[in-house]
S.K.: 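For reference, the structure I am asking about is given below.
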Amino acid sequence: MTSLQMPLAREFGWDLKPTSSSAFEIHKRNNGQFCVVLNHSLLRGVRAEMVHWWFLNFPNLRVRLRDIPAYEDKVVPGYHLWHPIDHLSATLTGDLGPGQTARTGCSIHIQEAMQYDVYGWKYPVDTQLKVFYVGDDGWAMGKVLPFVGPITMLRVHNKDVFEGSEHLGVHYHYEVVIGAGGSGLVSKLINKKISDTAGPDFFDAWQRHNVIEVGTFENFLPVLYAQKENLRNLEYAKDMNPMADIKSSQNAYNNDLFNQRLEGYRQADRASSYQQFDTASFI
């Protein structure tokens with residue numbers, strides 16, 4: 001059980017993307033470690049510079065909701081726009097950048113639940129992670145144990161996609177490696193303990209959580225980014241949504257990359273080395 005209290009769901013009227021718009025698979029290694037690859041559909045109307053700005057700032061943002069039922073004219077964390085159902089809070093601490101923004105080496109405390117509307121607090125996240133990469137091509141956060149190495153690492157990749165001179169959107173690619181990388185008894189025991197709370201069932205729920213989370217960018221991120229020079233007075237109303245009349249029926253972008261990365265994890269000697277979580281993006 002948890003003492004966390006989830007706020008009321010936000011009824012933005014958004015067309016939330018379904019899991020069918022993504023490519024997703026979990027590879028379980030012989031030592032009990034899990035490697036997760038998730039490829040999203042293109043983020044339409046969004047640019048990579050917006051995603052970078054979001055990762056620098058999102059735990060600090062506060063947004064006035066003008067016409068959202070039960071939230072009329074109330075100020076909420078920007079984190080609540082990123083997922084209208086599952087998100088509770090996100091807080092930055094440690095060595096922060098200018099304006100208390102995120103940068104490599106800081107920490108982030110995240111509180112949320114996977115598919116809260118379906119499972120309640122069955123799959124909670126209430127954890128502090130270290131930020132290992134903040135760049136214009138993505139973000140990485142996780143946990144590293146002394147003498148063991150990474151035991152949780154989440155790496156986001158994002159890149160603008162063009163067809164000729166036309167900007168089609170942002171390719172958003174996500175990889176997670178969870179569990180110790182060694183083959184000895186200690187690593188296997190760590191991985192068994194982790195899988196009890198963050199195994200395949202958890203990540204099946206996480207897929208829907210993340211597809212909704214990333215897809216919502218289309219509805220609100222361009223709106224907030226346009227107000228970036230006035231962060232103290234951010235606001236959102238339904239008529240600001242650039243996707244209001246556009247349905248989200250899409251397919252995962254770049255299946256070749258998805259298959260290549262999944263096969264790479266199957267063949268890799270060490271998953272954390274193959275992931276390259278703290279280096280520039282490979283997409």
Side-chain angles (χ1 to χ4, degrees), residues 22-41 48 51-52 55 102 104-105 107-108 110 125 127 129-161 170-207 209-211 213-214 252-283:
S22 67
F24 169 79
E25 194 159 334
I26 305 168
H27 168 61
K28 184 177 180 181
R29 296 171 65 83
N30 292 334
N31 64 352
Q33 193 178 37
F34 293 100
C35 306
V36 182
V37 182
L38 175 58
N39 227 22
H40 289 271
S41 58
V51 179
H52 178 50
F55 277 115
T104 300
S107 295
I108 184 168
I110 293 172
V125 174
T127 189
L129 303 173
K130 183 177 179 180
V131 176
F132 286 89
Y133 187 86
V134 181
D136 57 9
D137 58 1
W139 165 276
M141 60 185 178
K143 290 184 178 181
V144 175
L145 288 182
F147 309 110
V148 174
I151 60 166
T152 301
M153 198 60 62
L154 304 92
R155 177 63 158 97
V156 172
H157 302 259
N158 52 260
K159 180 182 179 180
D160 285 312
V161 176
V170 169
H171 178 203
Y172 196 103
H173 178 90
Y174 210 142
E175 296 183 2
V176 181
V177 176
I178 188 161
S183 57
L185 179 61
V186 171
S187 291
K188 290 181 178 179
L189 289 174
I190 290 172
N191 295 346
K192 175 61 172 62
K193 184 176 181 180
I194 289 174
S195 68
D196 288 342
T197 56
D201 289 347
F202 174 93
F203 277 103
D204 282 340
W206 175 82
Q207 181 194 8
H209 166 89
N210 198 254
V211 168
E213 178 183 77
V214 174
Y253 180 76
N254 198 339
N255 281 326
D256 288 343
L257 175 66
F258 174 81
N259 292 325
Q260 172 194 326
R261 293 298 297 175
L262 189 60
E263 184 61 23
Y265 280 112
R266 291 173 177 149
Q267 301 297 329
D269 291 332
R270 292 187 69 87
S272 60
S273 298
Y274 179 74
Q275 188 185 30
Q276 298 179 308
F277 60 85
D278 57 355
T279 62
S281 175
F282 47 75
I283 69 172

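Just so it is clear, the structure is predicted and the values come from calculations on it, not from any experiment.
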S.K.: Just wondering, do Leu129 and Leu154 contact through their side chains at under 4.5 Å, heavy atoms?
M.R.: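 Counting from C-beta outward, Leu154 and Leu129 do come under 4.5 Å.
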S.K.: Measure across His157 and Ser281 and return the closest heavy-atom pair with its distance rounded to 0.1 Å.
M.R.: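 In terms of heavy atoms, the two residues are closest at ND1-OG, 2.9 Å.
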S.K.: Determine yes or no for a side-chain-to-main-chain donor-acceptor pair under 3.5 angstrom, with Gln275 supplying the side chain and Met153 the backbone.
M.R.: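 Here the side-chain-to-backbone pair exists.
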S.K.: I need the single residue from Glu175, Arg261, His171 that forms a side chain to side chain donor-acceptor pair (under 3.5 Å) with Asn39. Which is it?
M.R.: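 Running side chain to side chain donor-acceptor pair (under 3.5 Å) over Glu175, Arg261, His171 with Asn39 returns exactly one hit, His171.
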S.K.: I'd like to know if the side chain of His52 reaches the main chain of Gly135, judged simply by a donor and an acceptor atom lying under 3.5 Å from each other, with no hydrogens or angles considered.
M.R.: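 Yes.
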S.K.: In terms of relative ring orientation, are His173 and Phe282 parallel, tilted or perpendicular, with 30° and 60° separating the classes?
M.R.: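 Perpendicular, since the angle between the ring planes exceeds 60°.
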S.K.: Check the pair Thr104 / Asp278 against side-chain contact (heavy atoms from CB on, under 4.5 Å), numbers first and verdict last.
M.R.: CA-CA 9 Å; Thr104 300; Asp278 57 355; over 6 Å; no
S.K.: Strictly by side-chain hydrogen bond (donor to acceptor under 3.5 Å, both in side chains), give each pair with a member in residues 131-147 just once, sequence neighbours left out.
M.R.: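 Checked against side-chain hydrogen bond (donor to acceptor under 3.5 Å, both in side chains) - neighbours excluded - the pairs reaching residues 131-147 are Thr127-Lys143, Tyr133-Asp137.
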S.K.: Taking the side chain as C-beta and beyond, is there a heavy-atom pair between Glu25 and Phe258 under 4.5 Å?
M.R.: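 In contact.
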S.K.: So which atom in Phe34 and which in Ala198 form the shortest heavy-atom distance, rounded to 0.1 Å?
M.R.: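 For Phe34 versus Ala198, the nearest heavy atoms are CD1-O, 4.4 Å.
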S.K.: Heavy atoms, side chains only, cut-off 4.5 Å: are Val170 and Val161 in contact?
M.R.: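 Contact flag for Val170/Val161 side chains = no.
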S.K.: Apply side-chain contact (heavy atoms from CB on, under 4.5 Å) to residues Ile190 and Leu145 and explain how you reach the verdict.
M.R.: CA-CA 11 Å; Ile190 290 172; Leu145 288 182; 4.2 Å; yes
S.K.: Can Lys130 and Val144 be said to form a side-chain contact (heavy atoms from CB on, under 4.5 Å), step by step?
M.R.: CA-CA 8 Å; Lys130 183 177 179 180; Val144 175; over 6 Å; no
S.K.: Looking only at atom types and distance, does a side-chain atom of Asn191 sit under 3.5 Å from a main-chain N or O of Ala180, one as donor and one as acceptor?
M.R.: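 Yes: the side chain of Asn191 pairs with the backbone of Ala180.
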S.K.: Tell me, do Val211 and Phe24 make a side-chain contact under 4.5 Å, heavy atoms counted?
M.R.: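 Val211 does not reach Phe24 side chain to side chain.
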S.K.: According to salt bridge (charged side-chain N to carboxylate O under 4.0 Å, His left out), who are the partners of Asp196, at least two apart in sequence or on a separate chain?
M.R.: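 Asp196: salt bridge (charged side-chain N to carboxylate O under 4.0 Å, His left out) contacts with Lys192.
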S.K.: How close do Pro150 and Phe277 get, counting heavy atoms only, and between which atoms?
M.R.: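 Answer, listing the atom of Pro150 first, then Phe277: CG-CE2, 4.1 Å.
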S.K.: Kindly indicate whether the side chain of His27, heavy atoms from C-beta on, has any atom under 4.5 Å from the side chain of Val37.
M.R.: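 No, their side chains stay 4.5 Å or more apart.
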S.K.: Determine the minimum heavy-atom distance between Asn158 and Ala48, stating which atoms define it.
M.R.: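 Taking every non-hydrogen atom into account, ND2-CB, 3.8 Å.
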S.K.: Would a 4.5 Å heavy-atom cut-off, applied to side chains only, mark Phe202 and Val125 as touching?
M.R.: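 The answer is yes; the side chains approach within 4.5 Å.
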S.K.: Just by modelled atom types, is the Val177 backbone N or O under 3.5 Å from a matching donor or acceptor in the Arg155 side chain?
M.R.: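 Checking the backbone N and O of Val177 against the side chain of Arg155, no donor-acceptor pair under 3.5 Å is found.
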S.K.: Of all the heavy-atom pairs spanning Ala252 and Ser22, show the shortest one and how long it is.
M.R.: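 Closest heavy-atom pair between Ala252 and Ser22: CB-C, 3.6 Å.
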S.K.: Should Val176 and Trp206 be marked as a side-chain contact (heavy atoms from CB on, under 4.5 Å) after you check the CA-CA gap, both sets of side-chain angles, and the distance that decides it?
M.R.: CA-CA 11 Å; Val176 181; Trp206 175 82; 4.0 Å; yes
S.K.: To check you understand the geometry: which heavy-atom pair defines the closest contact between Arg29 and Cys35, and what is its length?
M.R.: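 Between these two residues, the closest heavy atoms are CD-SG, 3.7 Å.
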S.K.: For the side chain of Asn31 and the backbone of Gly182, is there at least one donor-acceptor N/O pair under 3.5 Å apart?
M.R.: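 Between the backbone of Gly182 and the side chain of Asn31 there is a qualifying donor-acceptor contact (under 3.5 Å).
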